[in-house]
Amino acid sequence: MNDPFNKAGVALSRKRYLTGVSRFIFFTSIAVLVFFIPFEINGNREILFGFIYNTLIDLFGILGIWMISIITAGNALLSLVGKFVSKEGTKLHSYYAKDSKIYIPIYFLGAAYSILYTLQVSIPAFNGPEAIVGSSTGELMSGIALAVMWVIPLGAIFIPFFVNYGSIDFVGTLLQPIMRPVFKVPGKSAVDAITSFLTSSSVAVLFTTKLYNKKFYTKKEAAVITTSFSAVSIGFAAVVIDTAGLMEHFGKVYFSSFLVAFIIAFIMIRIPPLSLKKNVYIDDTEQTPEERVAETYNKNTLGIAVNSAIDQAADANDFFSEIKESLKEGLAVLPKVLSMLFAIGVSVLILAEYTPTFEIIGAVIAPFIQLLRVPDAALIAPSLALGLAEMFLPVLYIADMVGTLDVQARYFVTAVSMVQIIFFAETGAVMLSTGLPLKLWELIVIFTLRTLIAMPLVAVFMHLLF
């Protein structure tokens, strides 16, 4: 395995050192500016990455919606050919070879939903089924899909600035003594968490996928990191918290949710299905015991981290080669991600909007919430299951009750929804489409377990803070 952490002891020549230092500083600075530094833009404070993809959404307008329909329709048709017609060894066959046969009808369903919505907004005389094209289903899903369509290629362009030029090695070496014993994952996984909280959960999933494909993470580590640290960004969290009428308590809500998410991660890694995942890499080679040994902090830790980063930066290919390869990987998953997003996202949103499915689930968990002494338990219980569809739905469910619901109840719904992480309108679909070692049933089980674990934890913070 080409693990940059094993390079820390390699002696660096002067030329190699200067090349590595300049690359490390330059590309890390750009990555920090793009992902982490808020700028004042048009009167709003925005992360540059978010500003870029929102600008592209606005620039392309309805053309972006048509692009999604063309991509999903093409993916559906090609999946049929690639799976059953094309010869083994061809690029098309290889692209769909690992897909389960059940994915093909899912791809066609996603294409159908997307096309119906596109026709609805493009042709005044066309009236599609309200359940599919309505504001709470197709329209909501289209907005998410538009964001993801630009997040993936943009993320593919900027992620190498972290992965290939030393940033991930520097942070990973520094945090290895904490992350390995506590969460049983490498220190570099901390960057996934930071990326997710400050930019987008989809970017964090793609970030993990890239490191998994490069054999930096085992199957178990990739599954743990993706389902534990791909949380909503600070910007979107602010929208959620504001919708619940809790903006004056932003700090308490956000940072308590942050802490709960890490407590859940500590628990989830130690129980099935994550605990049953194998510590093997993407090519099924075993992770050695030495690779799992946690480092300890000492006076040389910082120096080792710096040298590891410089060495990785010096080893990296030229900038355009790295971007080309990363963009190729990002664009390769885009058709499957968009198809999954529309198929699963709209279907679950239809269940949420037009059937009593989630109300029934809510009735089951309401007694448990009452045991936790959460006010208005019967009113808020159905909202918690809605997070499986889209993480914003639980708060939207209580939005028209904000004026009457107890502040503790509003905090409970908001905090739980922010730590559920897996929602099929975005992260769930991306996880299933990028080749990560996670199955649909596993994601549903993990979502359920995260929700059950989150409720008593959030209830504790609720009673302490409100």
Side-chain angles (χ1 to χ4, degrees), residues 1-37 47-49 154-180 185-199 203-204 206-218 221-222 225 229 281 291 294-330:
M1 186 190 66
N2 182 27
D3 188 347
F5 286 85
N6 293 331
K7 300 177 185 176
V10 176
L12 301 174
S13 68
R14 179 175 176 80
K15 181 181 178 181
R16 182 181 176 82
Y17 180 83
L18 292 175
T19 300
V21 166
S22 59
R23 283 181 169 185
F24 173 50
I25 293 174
F26 178 73
F27 289 107
T28 299
S29 298
I30 293 177
V32 170
L33 284 172
V34 170
F35 286 108
F36 298 148
I37 306 297
I47 299 294
L48 193 57
F49 183 83
L154 281 174
I157 291 171
F158 289 113
I159 283 174
F161 288 38
F162 274 129
V163 175
N164 298 64
Y165 296 101
S167 304
I168 192 81
D169 306 84
F170 178 74
V171 174
T173 303
L174 288 180
L175 293 180
Q176 181 86 343
I178 298 173
M179 299 300 287
R180 179 63 74 184
V185 294
K188 47 188 170 283
S189 61
V191 179
D192 296 61
I194 296 168
T195 302
S196 178
F197 280 115
L198 293 175
T199 56
V203 173
L206 292 171
F207 195 91
T208 305
T209 303
K210 188 172 184 66
L211 292 176
Y212 170 63
N213 290 335
K214 284 178 171 285
K215 295 178 64 179
F216 288 167
Y217 294 152
T218 64
E221 290 167 351
I225 293 163
F229 301 133
Y281 295 100
E291 290 172 324
E295 299 290 337
T296 56
Y297 285 117
N298 58 59
K299 62 181 181 179
N300 297 320
T301 300
L302 181 60
I304 292 171
V306 171
N307 282 343
S308 180
I310 292 171
D311 204 42
Q312 172 61 22
D315 266 353
N317 294 323
D318 69 271
F319 170 71
F320 291 106
S321 296
E322 297 288 4
I323 296 300
K324 180 182 177 181
E325 185 61 29
S326 182
L327 195 55
K328 182 181 175 182
E329 293 172 3

Notebook entry, point to check: Can I30 and V34 be said to form a side chain to side chain contact (heavy atoms under 4.5 Å, CB included), step by step?
Noted result: CA-CA 6 Å; I30 293 177; V34 170; 4.1 Å; yes
Check: Given I37 and L48, is the side chain to side chain contact (heavy atoms under 4.5 Å, CB included) satisfied, shown in steps?
Finding: CA-CA 7 Å; I37 306 297; L48 193 57; over 6 Å; no
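Proximity of a side-chain donor or acceptor of S308 to a complementary backbone N or O of I304 within less than 3.5 Å is not detected. Remark: the backbone N or O of A313 is paired with a side-chain donor or acceptor of R23 at under 3.5 angstrom.
Contact annotation: the side chain of I225 never approaches that of M179 to less than 4.5 Å [non-hydrogen atoms, C-beta and beyond]. The shortest side-chain heavy-atom distance between F170 and L302 falls under the 4.5 Å cut-off. Contact of the Y17 side chain with the I310 side chain is registered, since non-hydrogen atoms from C-beta on lie closer than 4.5 Å.
A salt bridge between K210 and E325 is absent, with no side-chain N of the basic residue lying under 4.0 Å from a carboxylate O of the acidic one.
Residues L174 and T301 come closest through the heavy atom pair CD2-CG2, 4.1 Å. Here the closest heavy-atom approach between residue N300 and residue N298 is recorded as N-OD1, 2.7 Å. Across every non-hydrogen atom of Y217 and Y212, the tightest pair is O-CD1, 3.5 Å. Between Y297 and L175 the shortest heavy-atom distance is OH-CA, 4.0 Å. Considering every non-hydrogen atom in both D169 and T173, the closest pair reads O-OG1, 2.7 Å. When all heavy atoms of Q312 and G166 are compared, the closest pair comes out as CG-N, 4.0 Å.
Residues meeting the side chain to side chain donor-acceptor pair (under 3.5 Å) test with S29, sequence neighbours left out: none. In terms of the side chain to side chain donor-acceptor pair (under 3.5 Å) criterion, T19 has no residue partners (sequence neighbours excluded). Partners of E322 by salt bridge (charged side-chain N to carboxylate O under 4.0 Å, His left out), not counting sequence neighbours: none found. Looking at residues two or more places apart in sequence or on another chain, you find a side-chain contact (heavy atoms from CB on, under 4.5 Å) between S321 and N317, D318.
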Output a table of donor-acceptor pairs, distance under 3.5 Å, between side-chain atoms of residues 156-163 and any protein atom two or more places apart or on a different chain; print 'none' if there are none.
none

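Ring pair F27/F319: centre-to-centre distance below 6.0 Å.
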